[in-house]
Amino acid sequence: MHPSPPALSDKPLAPGLYIVSTPIGNLRDITLRALDVLAACDTVLAEDTRVTAKLLAAYNLSKRVERYDEHAAEKARPRILAALAAGARIALVSDSGTPLISDPGYRLVREVVEAGIQVFPVPGPSAALAALAGAGLPTDRFLFAGFPPPRSAGRRAAFAALAPIRATLVFYEGGSRLAASLADMAAVFGPRQGAVGRELTKLHETFVRGELTALAVD
């Protein structure tokens, strides 16, 4: 028999803001600690309440879920800060992966820290790190650059600014713009090695690797 995993703690969940990483596709990638926090917290702040409701339902968790995205953030922060100051235990999640990584949350964390309230990172899945791990590219130095600009001229300018950096560059890109972004990368970076990861951790997970010039026409 396999031994049971150790309990997180016998103590009640401490007051504060918990930054909880959630699966990027495969629901079994959630951590035991994340489940402990989601089960014990008072409120879950979610980028999309429908996505988070499905995750909670998968683990039979019933929680008050409130919207916290780029549109609701400014109005919601004072109320959240007041609740935290009163001793609430609040979990912040994104639709998938680690919150704040190309997701809303940075300003909330900054204001919580400035208010002297505890912030607890609960690490776990990250699309950027999962892609880097499977890319077959150097991992000793890397730079996460988020989403490129939506238009070609802006993308090429952004890529040109990053070109001198001696590190593996990690980007997020939507499927509808992927081919155009790869073409711009090939034009700016030249025959640099690259990799494209799709549907990571899901049934149809794929990696395509090679020179950017080849990936742009793949």
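Values in this document were obtained by computation on a predicted structure and should not be read as measured data. Residue indices begin at 1 and follow the sequence shown.
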Are side-chain heavy atoms of [X] and [Y] found at a separation under 4.5 Å?
{"X": "Ile80", "Y": "Glu111", "value": "no"}
{"X": "Leu38", "Y": "Tyr59", "value": "no"}
{"X": "Tyr68", "Y": "Val93", "value": "no"}
{"X": "Leu17", "Y": "Ile117", "value": "no"}
{"X": "Gln193", "Y": "Glu211", "value": "yes"}
{"X": "Leu45", "Y": "Leu108", "value": "yes"}
{"X": "Leu129", "Y": "Thr98", "value": "no"}
{"X": "Leu55", "Y": "Pro23", "value": "yes"}

Identify the heavy atoms of [X] and [Y] that sit nearest to each other, and give their distance.
{"X": "Leu27", "Y": "Ala58", "answer": "CD1-CB, 3.8 Å"}
{"X": "Ala127", "Y": "Tyr172", "answer": "CB-OH, 3.6 Å"}
{"X": "Ala130", "Y": "Phe207", "answer": "O-CZ, 4.1 Å"}
{"X": "Leu13", "Y": "Val37", "answer": "CD2-O, 4.0 Å"}
{"X": "Ala186", "Y": "Ala216", "answer": "CB-CB, 4.4 Å"}
{"X": "Val208", "Y": "Arg198", "answer": "CG2-NH1, 3.8 Å"}

For this session: Quick one: which residue pairs count as a side-chain hydrogen bond (donor to acceptor under 3.5 Å, both in side chains) with a foot in residues 47-57, not counting sequence neighbours?
Result: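 Passing the test, one end in residues 47-57: Asp48-Arg50.
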With a 3.5 Å distance limit and no angle check, can you tell me whether [X] reaches the backbone of [Y] through a side-chain donor-acceptor pair?
{"X": "Arg33", "Y": "Val122", "result": "no"}
{"X": "Thr201", "Y": "Asn26", "result": "yes"}
{"X": "Arg209", "Y": "Gly134", "result": "yes"}
{"X": "Thr168", "Y": "Pro138", "result": "yes"}
{"X": "Asp42", "Y": "Arg89", "result": "yes"}
{"X": "Tyr18", "Y": "Ala34", "result": "no"}

When hydrophobic residues are tied together by side-chain contacts of less than 4.5 Å, even through go-betweens, does [X] share a cluster with [Y]?
{"X": "Leu84", "Y": "Phe120", "value": "no"}
{"X": "Val44", "Y": "Ile90", "value": "no"}
{"X": "Phe147", "Y": "Val196", "value": "no"}

Problem set entry | Option passing side-chain contact (heavy atoms from CB on, under 4.5 Å) with Leu92 (candidates Leu100, Val119, Val20, Thr43) |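 The passing option is Leu100.
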Exercise. Between CZ of Arg141 and CG of Leu169, what distance do you get to the nearest 0.5 Å?
Worked result: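 Separation between the atoms: 10.5 Å.
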Problem set entry | Gap separating the CG atom of Leu215 from the CE atom of Met185, nearest 0.5 angstrom |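 Between Leu215 CG and Met185 CE, I get 9.5 Å after rounding to 0.5 Å.
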For this session: May I ask you to decide if the ring planes of Phe159 and Phe171 are parallel, tilted or perpendicular, using 30° and 60° as cut-offs?
Result: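 Perpendicular.
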